[in-house]
Amino acid sequence: MESDFISLSLNDSFQFSCGSHTPCFNECCRDLNQFLTPYDVLRLKNNMGISGNDFLQRYTTQHTGPESGLPIIRLREKHEDAFKCPFVTEKGCSVYHDRPSSCRAYPIARAVARNRQTGKLTEHFMLLKEPHCKGFHTGKHQCVKEWIENQGLMIYNEINDLMMEIISLKNKTIPGPLDLKSRHLFHMACYDIDSFRDKIFNKGLLVPTEYDECLLENAKEDDTALLRISLKWVQKMIFDQFK
Ligand code: SF4
Ligand code: SF4
């Protein structure tokens, strides 16, 4: 049986439920090809109480995006055990509260298109019906909008969309892969937020003057506030200089 991809709007509804009651429980957490966004990494490393650098070393591999030429992060699956996610257990996902955005969204996939003239983002949604997933014939009907809210996806989508601006800026200013120094800075600012904090607050890494004192003060303790700063920092310090 082939997979089905069904286009949906925010108000279209679908029937779905997932949990230990489904015969396919945990089936979707193996044969993994899972990419992580900066906000996924932040939530996962905090869930485990480890630094960004520790998390990246232990659980991920780094690659270059074939289209964007930017560093991307992939969860390191267990090769010796059916390419399972490192966080799946017999009882389900051990990091459920902080699972990545693509795990939260499934079986909905969200794509975002950016208008080149206005910069406005437009969302598109698809329902993925894959043969291994048996969750489609039970559970309540809900619309895509409710699903996004119930799965706690608003904050993920908001921060993931900031990456769209970076990719667009990168495509405009630097075709092809980044040089080594920019690659290192990009990787640190997007994925290794604890090192970024140390660099800007203790090592004097240049911070653009337009950040107000209150935002910077919050970012000393609050990782999400710091990530908002670091993504703007990437735009300004890595890509704006080439405009
Ligand atoms: S993070 Fe959790 S939900 Fe996502 S693939 Fe791993 S075990 Fe499954
Ligand atoms: S395969 Fe589908 S229904 Fe089964 S556990 Fe995964 S998401 Fe849930």
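First listed ligand is number 1; within each ligand, the first listed atom is number 1. These values consider heavy atoms only, across backbone and side chains, with no hydrogens, waters or symmetry-generated copies.
Near G135, meaning under 4.0 Å from any of its heavy atoms, are these atoms of ligand 2: 3 (S). Those atoms of ligand 2 with a heavy atom of H132 less than 4.0 angstrom away are 1 (S). Within ligand 2, counting atoms from 1 as listed, the ones closer than 4.0 Å to a heavy atom of N26 are 5 (S). Heavy-atom proximity to C18, at under 4.0 Å, picks out these atoms of ligand 2: 5 (S), 7 (S), 8 (Fe). Here is the list of ligand 1 atoms found below 4.0 Å of a heavy atom in F87: 7 (S). If you number the atoms of ligand 2 from 1 as listed, the ones under 4.0 Å from a heavy atom of C133 come out as 1 (S), 2 (Fe), 3 (S). Which parts of ligand 2 touch Y106 is read off a 4.0 Å heavy-atom cut-off, strictly below it: atoms 7 (S). When each atom of ligand 1 is checked for a heavy atom of V88 under 4.0 Å away, the hits are 7 (S). Distances below 4.0 Å separate heavy atoms of F25 from the following atoms of ligand 2: 5 (S).
H97 NE2: 12 or fewer foreign heavy atoms inside a 6.0 Å radius. Residue-environment remark: OH (Y96) stays at or below the threshold of 12 foreign heavy atoms within 6.0 Å.
Residue K45 forms a salt bridge (Lys or Arg N to Asp or Glu O under 4.0 Å) with just one option from D223, D54, D192, and that option is D223.
Figure legend: R183 and F186 shown without cation-pi pairing, the cationic atom not lying both under 6.0 angstrom from the six-membered ring centre and within 45 degrees of its axis. Seen from the ring of F136, K129 counts as a face-on cation partner, given the 6.0 Å and 45° thresholds.
When non-hydrogen atoms are compared, ligand 1 lies under 4.0 Å from neither the backbone nor the side chain of S94.
Within the coordination shell of atom 6 (Fe) of ligand 1, defined by N, O or S atoms under 2.8 Å, C85 is present. For a distance bound of 2.8 Å, the N, O or S atoms of C93 include none lying that close to atom 8 (Fe) of ligand 1. Distances from atom 8 (Fe) of ligand 2 show that C28 has no N/O/S atom below 2.8 Å.
A donor-acceptor pair under 3.5 Å is formed between the side chain of R197 and the backbone N or O of K220. A donor-acceptor contact shorter than 3.5 Å is absent between the side chain of T22 and the backbone of C18.
Of all protein heavy atoms, the one closest to atom 8 (Fe) of ligand 1 is C29 SG, 2.4 Å. Regarding atom 1 (S) of ligand 1, its nearest protein heavy-atom neighbour is P100 CD, 3.5 Å. In this structure, the protein non-hydrogen atom closest to atom 3 (S) of ligand 2 is C24 SG, 3.4 Å. At the top of the distance list for atom 4 (Fe) of ligand 1, counting protein heavy atoms only, stands C103 SG, 2.3 Å.
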Margin query: Walk me through whether Q151 and Y106 qualify under side-chain hydrogen bond (donor to acceptor under 3.5 Å, both in side chains).
Written below: CA-CA 10 Å; Q151 297 299 315; Y106 191 85; over 6 Å; no

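The aromatic ring centres of Y191 and F55 sit 6.0 Å or more apart.
Hydrophobic clustering (side-chain heavy atoms under 4.5 Å, transitive across Ile, Leu, Val, Met, Phe, Trp, Tyr) keeps I72 apart from V234.
R76 and Q57 form no side-chain donor-acceptor contact under 3.5 Å, judged by distance and modelled atom types alone.
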